[in-house]
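Both counts, for ligands and for their atoms, begin at 1 and track the order of listing. Residue numbers run from 1 in the order of the sequence given.
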Amino acid sequence: MPKNVLVTGGAGFIGSNFVRYLLAHDQQVKIINLDALTYAGSLANLADLPDPARHTFVKGDICDRALVDGLLREHNIDTIVHFAAESHVDRSILGPGQFVQTNIVGTFTLLDAARQAWLVEKLLPVDQVRFHHVSTDEVFGSLEKDDPAFSETTPYSPRSPYSASKAASDHLARAYYHTYGLPVSITNCSNNYGPYQFPEKLVPLMILNALNGKPLPIYGDGQQVRDWLYVEDHCDAIWQVATRGEVGETYNIGGGNQPPNLEVVDTICDILDELAANSPHKPHRQLKQYVTDRPGHDRRYAMDIRKIESELGWQPRQTLSTGMLKTVQWYLDHADWLAEIRQDSDLTGWMERNYSNRGGEK
Ligand code: NAD
Ligand code: TYD
């Protein structure tokens, strides 16, 4: 079993949930958390960790080869769980260069450092190491209404700079397995939601705007479909694959919840009506506002998760209603976290850049 795990991007949304999950579920493992603390990463996401003595935070860039080489040796790393990425489609449309750098060059740097340490210098037995690469369903492209869900063998067809850069990183990870025999596994997961998600993504953005009585910007007709998964279920699936999944294999992960965006927003509004009963902005649905669509907006994603279910016995625990209730409650309880994130990350500047030309939220 893994002893020393390098988590990249562990101060971001899913990475910080994963650090918390792993410290709680495994009593032995030590975590080295490498994160550059971009706008999307924050030490506020790592407050109140269970057993923090087993967690070491390192501020740094995954593209820094000397730093990565040093960490693999200093901490005798046997497992890498790689989350670090630029992750927001809208930002990739306005500035694709950083996506190429972090998602492609960064993943290459980590893979090559792992190859050097584990396969060339043989610092650890090869059957005791693993490089787990965390990826997205967006690499498969966009489904029409009645198309079957994406499976592990669906051809890649990425359509945004974000998904194209993630697709490239998946190809590199697979190439390092086939060419060099690096023990790689890959998961492709659908849209996550839950605690500590940066409020540029649909779910936390809608919660935050609704609480402040601001318009809820719905791109296009709001009928785009995502396959929503509660973040802790994703963390569990990643750890199952990293520790029990076949080397060289890919596993699809999804939540089996596939409502159109409009329904997601309505659900959030209805939960807020209940939980924030004294809100002056009730009913929150009145804040919805249709705005200019995202260019190249993927219409529908859906994941076929039969492989991970049958091989590893993993299934999501939360439904959309239980997961969304927990999520909205978490945001209501963490106004201090929201205030800190807002201050650190120039969220206001992003809102201006992304929404001012859509005829919606300023
Ligand atoms: P996020 O944007 O919330 O966090 C990314 C983290 O990576 C941040 O802490 C950031 O500081 C760090 N980072 C960025 N560039 C870095 C660099 N060069 N070096 C070191 N650290 C760097 O992202 P997320 O939503 O938590 O996504 C994590 C991973 O999961 C990504 O690889 C993403 O593609 C994948 N994924 C996300 C979703 C989703 O719904 N959010 C779904 C499927 C897969
Ligand atoms: P997002 O959370 O950005 O995730 P992704 O683009 O990776 O799926 O968006 C989820 C869906 O919500 C997507 O179809 C775009 C839509 N959306 C809006 O309608 N309005 C918004 O303000 C945002 C951020 C997203």
Side-chain angles (χ1 to χ4, degrees), residues 7-18 33-43 45-46 58-64 67-68 81-93 98-99 101-103 105-107 109-110 133-139 142 160 162-163 165-166 169-170 187-194 196-206 209 215-229 231 234-235 238 253-255 260-262 264-265 288-294 297-301 303 345 350-351 354-355 358 360-361:
V7 174
T8 70
F13 164 47
I14 308 175
S16 64
N17 277 282
F18 180 77
N33 182 350
L34 173 61
D35 194 298
L37 296 182
T38 68
Y39 80 92
S42 171
L43 293 179
N45 296 351
L46 296 164
V58 178
K59 181 172 184 222
D61 192 330
I62 55 167
C63 301
D64 182 343
L67 173 64
V68 175
V81 185
H82 173 36
F83 294 92
E86 289 293 333
S87 69
H88 190 33
V89 174
D90 291 323
R91 287 192 194 247
S92 83
I93 294 168
Q98 195 57 45
F99 286 71
Q101 180 64 19
T102 297
N103 299 0
V105 178
T107 302
T109 305
L110 291 167
H133 177 60
V134 179
S135 192
T136 165
D137 59 356
E138 305 194 22
V139 297
S142 179
S160 73
Y162 164 64
S163 54
S165 65
K166 289 298 290 186
S169 68
D170 294 12
T187 43
N188 292 87
C189 186
S190 58
N191 286 61
N192 284 214
Y193 66 98
Y196 301 102
Q197 187 166 28
F198 188 78
E200 64 186 353
K201 304 276 169 65
L202 181 75
V203 170
L205 177 79
M206 294 298 159
N209 278 13
L216 309 180
I218 292 165
Y219 294 168
D221 63 2
Q223 292 306 311
Q224 304 84 4
V225 171
R226 301 293 183 261
D227 183 339
W228 295 94
L229 180 70
V231 63
H234 186 192
C235 296
I238 288 170
I253 306 170
N261 290 342
L262 207 50
V264 175
V265 175
K288 285 186 294 186
Q289 185 175 84
Y290 291 90
V291 300
T292 305
D293 207 352
R294 172 188 281 172
H297 197 169
D298 288 343
R299 194 69 183 165
R300 175 177 162 243
Y301 306 139
M303 287 302 247
S345 62
W350 166 250
M351 293 296 197
N354 191 44
Y355 293 97
R358 291 182 188 271
E361 161 71 345

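Set against the non-hydrogen atoms of Ser135, the atoms of ligand 1 under 4.0 Å away are 43 (C), 44 (C). Applying the 4.0 Å criterion to heavy atoms of Gly41 picks out, from ligand 1, the atoms 8 (C), 9 (O), 11 (O). Close contacts between ligand 1 and Phe83 involve ligand atoms 28 (C), 29 (C), 31 (C), 32 (O) [criterion: under 4.0 Å to a heavy atom]. Every atom of ligand 1 with a heavy atom of Thr102 under 4.0 Å away is listed here by number and element: 15 (N), 16 (C), 18 (N). Close approach to Leu37 involves these atoms of ligand 1, each under 4.0 Å from a residue heavy atom: 11 (O). For ligand 1, the atoms lying closer than 4.0 Å to a non-hydrogen atom of Ala85 are 5 (C), 7 (O), 14 (C), 31 (C), 32 (O). Annotation for ligand 1: atoms under 4.0 Å from non-hydrogen atoms of Thr38 are 10 (C), 11 (O), 14 (C), 15 (N). Atoms of ligand 1 found under 4.0 Å from any heavy atom of Ser190, numbered from 1 in the order shown, are 42 (C), 43 (C).
For the pair Asp61 and ligand 1, the shortest N or O to N or O distance falls below 3.5 Å. Looking at ligand 1, you won't find any N or O of Ser42 less than 3.5 Å from one of its N or O atoms. Polar contact check, Ile14 against ligand 1: a nitrogen or oxygen pair lies under 3.5 Å apart. Looking at ligand 1, you won't find any N or O of Thr136 less than 3.5 Å from one of its N or O atoms. Checked by distance only, ligand 1 and Lys166 come closer than 3.5 Å through their nitrogen or oxygen atoms. The shortest N or O to N or O distance between Leu34 and ligand 1 is not below 3.5 Å. Inclusion of Tyr162 in the set of residues having an N or O under 3.5 Å from an N or O of ligand 1 is warranted. Polar contact check, Gln197 against ligand 1: no nitrogen or oxygen pair lies under 3.5 Å apart. Ligand 1 has no nitrogen or oxygen under 3.5 angstrom from a nitrogen or oxygen of Cys63. Taking any N or O of Cys189, backbone or side chain, none lies under 3.5 Å from an N or O belonging to ligand 1.
A distance-only check finds a donor-acceptor pair linking the side chain of Thr8 to the backbone of Ala84 [under 3.5 Å]. Formation of a donor-acceptor pair under 3.5 Å by the Asn45 side chain with backbone atoms of Gly41 is not found in this model. Proximity of a side-chain donor or acceptor of Asp35 to a complementary backbone N or O of Ala11 within less than 3.5 Å is detected. Between the side chain of Ser92 and the backbone N or O of Tyr162 there is at least one donor-acceptor pair closer than 3.5 Å. No donor-acceptor pair closer than 3.5 Å links the side chain of Thr102 to the backbone N or O of Phe99. A donor-acceptor pair is defined here as one N or O able to donate and one able to accept, closer than 3.5 Å; no such pair exists between the side chain of Asn103 and the backbone of Ala85. In this structure, the side chain of Arg358 engages the main chain of Asn354 through a donor-acceptor pair within 3.5 Å. In terms of modelled atom types and a separation under 3.5 Å, the side chain of Lys166 and the main chain of Asp137 share no donor-acceptor contact.
Counting protein heavy atoms only, atom 20 (N) of ligand 2 is closest to Pro217 O, 2.8 Å. Given atom 22 (O) of ligand 2, the protein heavy atom at minimum distance is Tyr355 OH, 2.6 Å. Ranking the protein heavy atoms by distance from atom 11 (O) of ligand 1 puts Asp35 OD1, 2.6 Å first. Shortest contact from atom 19 (N) of ligand 1 to any protein heavy atom: Ile62 N, 3.0 Å. Scanning the protein for heavy atoms near atom 4 (O) of ligand 1, the closest one is Gly12 CA, 3.5 Å. The protein heavy-atom contact nearest to atom 7 (O) of ligand 2 is Glu138 OE2, 2.5 Å. Nearest protein heavy-atom neighbour of atom 15 (C) of ligand 2: His297 NE2, 3.4 Å. Looking from atom 40 (O) of ligand 1 to the surrounding protein, the closest heavy atom is Asn192 N, 2.8 Å. In terms of protein heavy atoms, atom 2 (O) of ligand 1 is closest to Ser87 OG, 2.6 Å. Scanning the protein heavy atoms around atom 35 (C) of ligand 1, the nearest turns out to be Val134 CG1, 4.1 Å. Nearest protein heavy-atom contact of atom 12 (O) of ligand 2 is Asn261 ND2, 3.3 Å. Here the protein heavy atom with the shortest distance to atom 3 (O) of ligand 1 is Phe13 N, 3.1 Å. Protein heavy atom closest to atom 19 (O) of ligand 2, with residue, atom name and distance, is Tyr219 N, 2.9 Å. Atom 4 (O) of ligand 2 has as its closest protein heavy atom Asn191 ND2, 3.3 Å.
Of all the heavy atoms of Leu205, the ones lying under 4.0 Å from any atom of ligand 2 belong exclusively to the side chain. Proximity of Arg226 to ligand 2, defined as any heavy-atom pair under 4.0 Å, is confined to the side chain (atoms from C-beta onward). Proximity of Leu202 to ligand 2, defined as any heavy-atom pair under 4.0 Å, is shared by backbone and side chain alike. Residue contacts with ligand 2 for Asp298 are absent, since no atom lies close enough (heavy atoms, distance under 4.0 Å).
Between the side chains of Asp170 and Ser135, at least one donor N or O sits under 3.5 Å from an acceptor N or O. Tyr219 and Gln224 form no side-chain donor-acceptor contact under 3.5 Å, judged by distance and modelled atom types alone. Donor-acceptor pairing under 3.5 Å is lacking for the side chains of Asn191 and Asp227. Defined by atom type and a distance below 3.5 Å, a donor-acceptor pair is present between the side-chain atoms of His82 and Thr107.
When Gln224, Arg294, Lys201 are ranked by how near their heavy atoms come to atom 9 (O) of ligand 2, first place goes to Arg294.
Under a 4.0 Å heavy-atom criterion, Gly60 is in contact with ligand 1. Heavy-atom distances between Tyr162 and ligand 2 stay at or above 4.0 Å for every pair. The closest approach between any non-hydrogen atom of Tyr193 and ligand 1 is not below 4.0 Å.
Arg226 forms no cation-pi arrangement with Tyr193, by the criterion of a distance under 6.0 Å to the ring centre and an angle within 45° of the ring axis.
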The test is salt bridge (charged side-chain N to carboxylate O under 4.0 Å, His left out); show your working for Arg294 and Asp90 and say whether it passes. CA-CA 7 Å; Arg294 172 188 281 172; Asp90 291 323; 2.7 Å; yes
Let me see the working for Leu67 and Asp61 under side chain to side chain contact (heavy atoms under 4.5 Å, CB included), right down to the final yes or no. CA-CA 8 Å; Leu67 173 64; Asp61 192 330; 5.8 Å; no
Would you check, one step at a time, whether the test side chain to side chain contact (heavy atoms under 4.5 Å, CB included) holds for Ile238 with Val134? CA-CA 8 Å; Ile238 288 170; Val134 179; 4.0 Å; yes
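A side-chain contact (heavy atoms from CB on, under 4.5 Å) with Pro217 is found for one member of Gln289, Met206, Lys288 and no other, namely Met206.
Taking the six-membered ring where tryptophan is involved, the planes of Phe18 and Phe83 are tilted, since the angle between them lies from 30° to 60°.
Once rounded to the nearest 0.5 Å, the distance linking CD1 of Ile14 with CG of Asn192 reads 4.0 Å.
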